[in-house]
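Contents: one structure, followed by commentary.
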There are 2 protein chains.
Amino acid sequence: MTTIRDVAQQAGVSPATVSRVMNGLVGYTDATRQRVEGAIKKLNYEPDSLARTLKTRQTSVIGLLAPMVSDALASEVMRGVEDAARERGYAVMLGRTGVKSTFIAGYLRTLRTYRAAGVILISAVITPEMRQLLGPAIPIISVAISDNSGSPSVAINDELAAYDATRYLLKLGHRRIGLLAGDPVSVFVAQPRQRGYERAMIEAGCATVTAAGTFFYESGAPGLAQLLQQDPDLTAIFAMSDEMGAAVVNELQKLGRRVPEDVSVLGFDNTSTSQHVHPALSTIAQPLEEMGQIAVRKILRSRDLGPRVVQHRLIKRGSTGPPRASS
Amino acid sequence: MTTIRDVAQQAGVSPATVSRVMNGLVGYTDATRQRVEGAIKKLNYEPDSLARTLKTRQTSVIGLLAPMVSDALASEVMRGVEDAARERGYAVMLGRTGVKSTFIAGYLRTLRTYRAAGVILISAVITPEMRQLLGPAIPIISVAISDNSGSPSVAINDELAAYDATRYLLKLGHRRIGLLAGDPVSVFVAQPRQRGYERAMIEAGCATVTAAGTFFYESGAPGLAQLLQQDPDLTAIFAMSDEMGAAVVNELQKLGRRVPEDVSVLGFDNTSTSQHVHPALSTIAQPLEEMGQIAVRKILRSRDLGPRVVQHRLIKRGSTGPPRASS
DNA sequence: TTGTAAGCGTTATCAG
DNA sequence: CTGATAACGCTTACAA
């Protein structure tokens with residue numbers, strides 16, 4: 001391994017000078033700079049991040065905790081994080097949530113010993129334990145979920161997004177709209193979305209019909225059954241995830257109902273799954289990749305922490321249309 | 001930050017002794033061990049990985065390069081890698097392939113300066129440049145792809161898997177089986193699979209019908225069109241990815257052909273996508289998570305490098321059945 | 001402008 | 001069995 005000393009010797013200067021040149025500090029002649037740069041190039045020298053971090057306490061890693069289960073969403077966010085981090089010279093260290101909390105504690109400790117610049121948490125809320133484990137120096141931010149504690153976060157306004165989605169179906173002429181909710185445990189995603197749906201329905205004078213799912217594909221079919229049991233004449237289903245939406249589309253066709261002629265289906269997230277059914281799912285898009293980038297920027301500018309709301313977008317595809325009666 | 005000195009002071013011993021206790025070396029009485037352990041616990045001390053690595057040159061990070069595009073596959077592998085790494089006290093550093101090669105060069109340099117224990121490459125081949133960039137000390141291994149260079153790898157036997165898949169369709173009674181291939185650029189995945197298909201078809205005295213796709217969903221419909229143009233009476237389609245398989249199922253139904261009554265469809269990979277269509281895709285499973293774990297183990301036991309073949313498995317679901325004529 | 005020297009938090013060698 | 005002490009590769013006062 002070639003060290004700063006080797007370079008210094010090669011260039012006929014002291015290690016300190018080499019360091020100065022590398023870090024663009026002042027205090028050397030142009031001639032020595034050139035000699036040093038020549039030596040660096042010649043020896044193909046690369047400074048040791050570890051030693052540097054040990055000394056300066058300035059780190060170059062960002063921690064990323066993702067739930068590697070329902071992945072399409074996390075995957076998009078990760079792409080944004082990875083891009084933004086690399087651009088700025090940061091490395092990304094990966095961990096999984098959705099595992100035992102002792103694991104995530106261990107992971108946070110590792111990040112602390114690596115003096116991470118910050119931690120990004122996908123689809124999970126920041127707990128006081130996490131905050132405490134990281135210590136005051138390391139910021140943590142959540143993505144795609146916003147508790148109302150004022151913790152740093154990047155997320156859409158879930159309540160408003162669901163409200164807009166429901167309004168869209170109402171405007172198409174639907175009155176009997178069922179909601180296939182996500183895991184009710186997920187207080188900060190499923191609940192605001194449900195509130196948004198209810199608000200729109202109530203404003204329009206329509207009755208609400210809801211069933212609880214898990215966000216996963218498997219819960220789509222039983223959820224649909226529950227909804228149809230409550231109201232067999234539903235003309236639209238709003239699912240809180242594309243996976244459930246896709247399952248609903250498939251299941252409806254199995255039951256002999258056409259989409260969207262008999263029943264419209266609307267998904268959520270605009271993950272690739274939404275394109276994997278026919279007709280393709282209309283859905284609410286979150287700017288996931290951008291959210292990952294924003295999270296990195298916020299972490300690195302540690303002042304602007306606090307919640308950041310990004311815009312959702314309605315994407316119209318083949319799975320929604322006006323209801324039978326009004327067409 | 002609490003250091004080894006703080007612990008030493010608290011326990012009334014020297015830093016050296018604390019280090020000995022932590023690392024389970026010999027040379028201290030039971031009494032001092034207990035005092036040290038007490039101090040560690042009391043101060044909630046965590047040794048600094050950076051300083052430790054700087055000194056010992058033994059690292060605790062593993063690099064992971066994944067193509068974050070056609071993600072379901074990579075995601076499963078990543079889960080296995082992450083699990084196995086964590087179990088052994090290693091952190092995972094994430095990078096993306098499929099970006100500019102200068103980026104991946106930079107990424108490998110970063111890994112070298114972090115003294116990574118090794119690098120795992122998903123769905124990509126190890127180039128001589130990569131090997132050179134990492135230097136002789138850091139092993140690199142590819143997962144889910146096997147060039148024939150003898151480089152370290154963990155993969156199924158793609159030729160055999162495709163052969164078995166085709167044999168399965170033949171045994172069901174199909175004779176007109178179309179192959180929807182992946183990106184032909186992917187020499188070490190698409191090509192062996194195509195050879196396996198051709199071998200089985202030729203052995204059975206059947207004509208081969210192939211079209212080239214991209215592995216992605218979008219290429220499914222045009223690929224199917226190409227196949228049907230060559231032989232409108234195909235009774236089975238073997239797609240080299242679940243995504244293309246799913247697209248074929250959806251497209252067939254759009255064309256008014258029933259699956260599997262009119263046409264059987266077989267996918268590849270057993271990713272979640274295979275369950276997102278109705279009927280669910282029969283497919284060839286790769287033990288992706290296990291492959292990730294094996295990769296970590298191989299990296300950490302740097303002797304058993306070299307290609308490792310794991311078993312594929314045929315998974316029968318609703319998308320395949322006997323052809324019309326023979327039923 | 002440049003070099004010397006003292007650390008950053010560990011571990012390893014060598015005395016005691 | 002234990003404690004000084006010297007590295008690991010880098011940065012940064014402080015001197016020159």
Side-chain angles (χ1 to χ4, degrees), chain A residues 1-37 39-40 43-61 89 109-117 135 137, chain B residues 1-37 39-40 43-61 89 91 109-116 135 137:
Chain A
M1 191 181 194
T2 94
T3 77
I4 199 172
R5 269 173 231 277
D6 302 328
V7 177
Q9 192 166 8
Q10 171 75 226
V13 298
S14 77
T17 299
V18 176
S19 175
R20 280 190 270 261
V21 171
M22 280 196 310
N23 298 299
L25 302 181
V26 292
Y28 42 81
T29 62
D30 229 49
T32 60
R33 181 178 58 74
Q34 287 184 12
R35 282 220 310 292
V36 169
E37 284 173 347
I40 289 179
L43 298 178
N44 194 18
Y45 167 71
E46 190 77 19
D48 184 324
S49 316
L50 258 48
R52 180 177 276 175
T53 300
L54 182 61
K55 180 66 185 167
T56 63
R57 329 204 96 218
Q58 292 180 34
T59 186
S60 53
V61 346
R109 263 198 299 275
T110 303
L111 284 173
R112 209 183 44 184
T113 76
Y114 273 95
R115 295 184 175 77
Chain B
M1 191 182 194
T2 95
T3 77
I4 199 172
R5 269 173 232 277
D6 303 328
V7 177
Q9 192 165 10
Q10 171 74 227
V13 298
S14 76
T17 298
V18 176
S19 175
R20 281 191 270 262
V21 171
M22 280 196 311
N23 297 298
L25 303 180
V26 292
Y28 43 82
T29 61
D30 229 49
T32 60
R33 182 179 56 76
Q34 288 184 12
R35 281 220 311 292
V36 169
E37 284 172 347
I40 288 178
L43 298 179
N44 194 20
Y45 165 72
E46 191 77 19
D48 184 322
S49 317
L50 258 47
R52 182 177 274 177
T53 300
L54 181 62
K55 180 65 185 167
T56 62
R57 332 206 87 208
Q58 293 179 34
T59 186
S60 52
V61 346
R109 262 199 298 275
T110 303
L111 285 173
R112 208 182 45 181
T113 76
Y114 273 97
R115 294 188 178 77

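Just so it is clear, the structure is predicted and the values come from calculations on it, not from any experiment. First the proteins, then the strands, lettered A, B, ... as listed; each starts at 1.
Note on A/Val26: nothing from the nucleic acid sits closer than 4.0 angstrom, heavy atoms only. When heavy atoms are screened at a 4.0 angstrom cut-off, A/Arg33 is found touching no nucleic acid atom at all. Across all strands, A/Thr32 comes closer than 4.0 Å only to sugar-phosphate atoms, never to a base (heavy-atom distances).
Here the CE atom belonging to B/Met22 is positioned 11.0 Å from the OG1 atom belonging to B/Thr17, to the nearest 0.5 angstrom. Rounded to the nearest 0.5 angstrom, B/Ile40 CD1 and B/Thr2 OG1 are separated by 9.5 Å. Between A/Arg115 atom CZ and A/Ser60 atom OG the span is 11.5 Å, to the nearest 0.5 Å. Atom NZ of B/Lys55 sits about 10.0 Å away from atom OG of B/Ser19, to the nearest 0.5 Å. Note that OG1 of A/Thr59 and CG of A/Leu50 are 9.5 Å apart. Values are rounded to the nearest 0.5 Å. The CD atom of A/Gln58 lies 9.5 Å from the CZ atom of A/Arg52; values are rounded to the nearest 0.5 Å.
B/Glu46 meets the side chain to side chain contact (heavy atoms under 4.5 Å, CB included) test with A/Arg109, A/Arg112, A/Thr113; sequence neighbours excluded. In terms of the side chain to side chain contact (heavy atoms under 4.5 Å, CB included) criterion, residue partners of A/Thr110 (sequence neighbours excluded) are, by chain and number, A/Tyr114, B/Ala91. In this structure, the side chain to side chain contact (heavy atoms under 4.5 Å, CB included) partners of B/Asp30, at least two apart in sequence or on a different chain, are B/Arg33, B/Gln34.
Separating the CZ atom of B/Arg115 from the C1' atom of D/dG9 is a distance of 8 Å, rounded to the nearest angstrom. Rounded to whole Å, the distance from CZ on B/Arg35 to P on D/dC1 is 14 Å. Between A/Met1 atom CE and D/dA7 atom C1' the separation is 15 Å, expressed in whole Å. Atom C1' of nucleotide D/dG9 and atom CG of B/Asp48 are separated by 14 Å, given to the nearest angstrom.
From one end of the helix from C/dT1-D/dA16 to C/dG16-D/dC1 to the other, with five pairs defining each end axis, the axis direction shifts by 50° (rounded to 10°).
Two residues, B/Gly12 and A/Met22, neighbour DNA chain D, and the one matched to the more 5' nucleotide by heavy-atom proximity is B/Gly12. Summary of the strand contacts: A/Ser14 and A/Leu54 both lie near DNA chain C, and taking for each the nucleotide with the nearest heavy atom, the more 5' one is attributed to A/Ser14.
Within a 6.0 Å radius of CD in B/Gln9, no more than 12 heavy atoms belonging to other residues, nucleotides or ligands are found.
In this structure, of C/dG9, D/dC10, C/dT2, it is D/dC10 that holds the atom nearest to the side chain of A/Pro47. Taking every side-chain heavy atom of A/Arg52 into account, D/dC10 is the closest of C/dG9, D/dC10, C/dT2.
In this model, the phosphate group of D/dG9 is not approached by any side-chain N or O of B/Tyr114 to a distance below 4.0 Å at OP1 or OP2. Between A/Thr29 and C/dT2, a side-chain N or O to OP1/OP2 separation shorter than 4.0 Å is present.
Looking at heavy atoms from C-beta onward, B/Gln10 lies in side-chain contact with B/Leu43 at the 4.5 angstrom threshold.
Side-chain atoms of A/Thr32 never come within 3.5 Å of backbone atoms of A/Tyr28 as a donor-acceptor pair (strictly under, hydrogens ignored).
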Pairs under 3.5 Å (N/O, protein and nucleotides 12-16 of chain D):
none

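Contacts between residues 2-11 of chain A and DNA chain C, defined by a heavy-atom separation below 4.0 Å, involve no residue at all.
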